[in-house]
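Residue numbering restarts at 1 for every chain, and letters A, B, ... go by the order of the sequence lines.
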Number of protein chains: 2
Amino acid sequence: MDLEKKDKKESILLATLELVAEHGFHGAPTAMIAERAGVGIGTIYRYFDDKDMLIYEVHRELELKICEYILSGFQEEYSYRQRFVYFCSVLLQYLIDNPKEFKFMEQFYNSPYGVELRRDRIFSEAPECENSCILKDLFEQGRKHGLIKDVPLLIFFALVFGPIIAAARDHILGFITLDDNLIGSFVEACWDSVKK
Amino acid sequence: MDLEKKDKKESILLATLELVAEHGFHGAPTAMIAERAGVGIGTIYRYFDDKDMLIYEVHRELELKICEYILSGFQEEYSYRQRFVYFCSVLLQYLIDNPKEFKFMEQFYNSPYGVELRRDRIFSEAPECENSCILKDLFEQGRKHGLIKDVPLLIFFALVFGPIIAAARDHILGFITLDDNLIGSFVEACWDSVKK
DNA sequence: ATATATGGAGTGAGCGTTCACTCCGTATTG
DNA sequence: CAATACGGAGTGAACGCTCACTCCATATAT
């Protein structure tokens with residue numbers, strides 16, 4: 001049935017996410033993915049053309065999920081600063097609450113997969129729904145109203161995503177503990193870096 | 001002779017740096033390293049126990065080189081703020097001037113090699129000379145004199161290294177062009193994020 | 001009965017590493 | 001001053017292993 005089909009596909013996607021997060025791309029062979037998903041090796045290739053496509057689909061699903069999660073809590077009545085702080089706090093909290101998803105994303109964006117995806121998006125202006133799109137909106141609004149520094153979009157991204165990803169990584173690796181208090185002052189520091 | 005010995009070893013280290021930077025760890029097989037270095041495959045194992053040790057030695061050499069470069073320009077009469085800005089600017093400039101070294105370092109720190117090294121250093125207080133040691137000194141001085149925000153060391157690192165690495169990557173990938181002007185305002189933004 | 005879905009042994013390419021061998025500069029011998 | 005023996009750096013074909021992916025016998029659904 002269609003339902004079972006979906007179950008198998010979902011199992012494979014989940015197994016891939018977990019194994020890549022735990023051991024990296026090269027520590028997640030197809031045989032291991034199949035075993036964790038409870039399917040045969042060949043079954044993977046019924047649902048995905050090859051391993052690359054499988055990786056891309058895991059990424060796409062995660063991106064949608066994170067984007068949806070962040071947008072679900074956005075309050076329109078927030079001030080600009082409040083929306084910025086909300087975005088950073090919620091993203092950081094999501095990442096440390098979902099370490100496997102974070103680790104997969106890290107692997108992805110530090111590989112040719114992620115680099116090519118970014119290149120396409122930057123140079124083709126394709127506004128595919130992704131969490132960076134939310135931040136892009138924040139950037140454009142902030143620039144329009146003169147609330148943030150006069151820097152290019154990607155510098156703004158570097159100032160926001162850079163620290164957030166570094167902090168999330170160190171928390172997940174157990175190098176530091178990010179509690180609500182620390183997240184608060186950390187995000188405040190991020191705001192200081194971009195505000196005019 | 002001793003000189004020729006060193007030449008071979010240096011050739012292997014350089015070839016490894018370049019190939020890992022260009023194609024990643026798994027795109028730099030020993031056969032390719034040997035070919036680029038102009039030596040036989042077996043010769044690699046005369047100088048290095050295994051591929052892991054080769055990778056570690058490349059990292060160690062780079063770390064020393066960068067550290068030395070940054071320290072060479074440090075002026076003691078600089079104010080605290082000037083020293084912070086100098087550190088960030090020079091580090092960023094070095095990274096974009098040496099894209100292969102940057103890419104190798106990125107690969108290294110995003111792999112189990114780098115994670116284990118960081119873990120050892122964080123939990124053993126081993127003060128091996130590395131560029132993060134310079135920043136650690138800046139952190140301690142800043143905290144002592146109440147010039148920077150009251151955050152833990154690793155949060156300070158995240159606020160400084162995070163944006164710098166993100167910006168360097170985007171420049172090297174050709175997504176953005178960092179000229180002196182932009183580096184100036186970018187580093188200024190980093191300072192805003194850490195200053196009290 | 002036919003069509004579709006599944007599983008996993010099999011395949012060949014590519015990997016890190018080894019080891020039997022080749023030089024060739026130096027030491028020893030007559 | 002030859003002639004000879006030696007040691008160890010240098011080499012790359014070969015090895016054992018793992019990988020992504022294929023293919024077809026079997027199971028399930030219609």
Side-chain angles (χ1 to χ4, degrees), chain A residues 1-60 104 107-108 110-114 116-117, chain B residues 1-60 104 107-108 110-114 116-117:
Chain A
M1 293 289 296
D2 250 18
L3 265 179
E4 281 191 6
K5 264 180 151 179
K6 243 204 168 133
D7 278 354
K8 296 231 187 226
K9 193 175 179 186
E10 281 305 316
S11 291
I12 295 166
L13 286 166
L14 181 62
T16 305
L17 162 61
E18 290 182 353
L19 287 168
V20 169
E22 286 164 21
H23 309 115
F25 289 127
H26 294 276
T30 49
M32 205 184 283
I33 291 170
E35 196 191 347
R36 168 95 53 124
V39 303
I41 296 168
T43 307
I44 291 174
Y45 293 88
R46 295 209 63 71
Y47 295 101
F48 307 96
D49 286 349
D50 52 26
K51 208 186 172 187
D52 282 6
M53 282 302 148
L54 171 56
I55 299 293
Y56 278 119
E57 281 212 38
V58 173
H59 170 263
R60 214 173 51 85
F104 178 91
Q107 292 276 337
F108 185 83
N110 282 307
S111 75
Y113 299 121
E116 279 321 297
L117 191 76
Chain B
M1 291 296 294
D2 251 17
L3 265 180
E4 283 191 5
K5 263 181 152 180
K6 241 198 171 141
D7 278 352
K8 299 236 182 222
K9 194 175 178 186
E10 281 303 317
S11 291
I12 295 166
L13 287 167
L14 182 61
T16 305
L17 162 60
E18 290 182 352
L19 287 169
V20 169
E22 287 164 21
H23 308 116
F25 289 127
H26 294 276
T30 49
M32 205 185 282
I33 291 171
E35 196 191 346
R36 168 95 52 123
V39 304
I41 296 170
T43 308
I44 291 174
Y45 293 88
R46 189 157 283 291
Y47 294 101
F48 306 95
D49 287 350
D50 51 27
K51 208 184 171 189
D52 282 6
M53 281 301 147
L54 171 56
I55 299 293
Y56 278 120
E57 280 212 38
V58 173
H59 169 264
R60 213 174 51 85
F104 178 91
Q107 292 276 338
F108 184 83
N110 283 306
S111 74
Y113 298 120
E116 279 321 297
L117 190 76

> Can you tell if the side chain of B:His59 reaches within under 4.5 Å of the side chain of B:Leu117, non-hydrogen atoms only?
Replying inline: yes
> How long is the span from the CD1 atom in B:Ile12 to the CG atom in B:Asp7, to the nearest 0.5 Å?
Replying inline: 11.0 Å
>> What is the distance, to the nearest angstrom, from the CD1 atom on A:Ile33 to the P atom on C:dG7?
In response: 15 Å
>> Expressed as a whole number of angstroms, how long is the span from A:Met53:CE to D:dA20:P?
In response: 16 Å
> How long is the line joining CD of B:Glu35 and P of C:dC15, in whole Å?
Replying inline: 12 Å
Table of protein N/O atoms under 3.5 Å from nucleotides 12-16 of chain D N/O atoms:
| from | atom 1 | to | atom 2 | distance (Å) |
| --- | --- | --- | --- | --- |
| D:dG12 | N7 | B:Gly42 | N | 3.1 |
| D:dG12 | O6 | B:Gly42 | N | 3.4 |

> Which residue pairs satisfy the salt bridge (charged side-chain N to carboxylate O under 4.0 Å, His left out) criterion with at least one member in residues 40-55 of chain A, sequence neighbours excluded?
Replying inline: none
> Which of parallel (below 30°), tilted (30 to 60°) and perpendicular (above 60°) describes B:Tyr113 and B:Tyr56?
Replying inline: perpendicular
> For the atom pair NZ (A:Lys9) and OH (A:Tyr47), what is the distance rounded to the nearest 0.5 Å?
Replying inline: 9.0 Å
> From the list D:dG10, C:dG16, C:dA5, which nucleotide is the closest neighbour of the side chain of B:Tyr45?
Replying inline: C:dG16
>> Taking the nucleotide of DNA chain D with the nearest heavy atom to each, does A:Asp49 or A:His26 sit closer to the 5' end?
In response: A:His26
>> Looking only at the side chain of B:Arg46 (C-beta and beyond, no hydrogens), which of the listed nucleotides C:dG7, D:dA9, D:dC21 gets closest?
In response: D:dA9
>> Side-chain N or O of A:Tyr47 versus OP1/OP2 of C:dA5: is the shortest distance under 4.0 Å?
In response: no
> Quick one: B:Asp52 CG to C:dG16 P, roughly how many Å, whole number?
Replying inline: 11 Å
> Rounded to whole angstrom units, what separation is found between the CG atom of A:Leu54 and the C1' atom of D:dC21?
Replying inline: 13 Å
Ignoring hydrogens and angles, write down the donor-acceptor pairs under 3.5 Å from the side chains of residues 21-40 of chain A, residues two or more places apart or on other chains.
| from | atom 1 | to | atom 2 | distance (Å) |
| --- | --- | --- | --- | --- |
| A:Glu22 | OE1 | A:Arg36 | NH2 | 3.1 |
| A:Arg36 | NH1 | A:Glu18 | OE1 | 2.7 |

>> Measuring to OP1 and OP2 of C:dG7, would you say a side-chain N or O of A:Lys8 lies under 4.0 angstrom away?
In response: yes
>> Could you tell me how far apart A:Phe48 (CZ) and D:dT22 (P) are, to the nearest whole angstrom?
In response: 15 Å
> Can you tell me how far P of D:dA20 sits from CE of A:Met32, to the nearest Å?
Replying inline: 9 Å
> Taking the side chain as C-beta and beyond, is there a heavy-atom pair between B:Thr43 and B:Phe48 under 4.5 Å?
Replying inline: no
>> Nearest whole Å is fine: how far is C:dT17 P from B:Ile55 CD1?
In response: 10 Å
> Between C:dG16, D:dG10, D:dA20, which nucleotide has the shortest distance from any of its atoms to the side chain of B:Thr30?
Replying inline: C:dG16
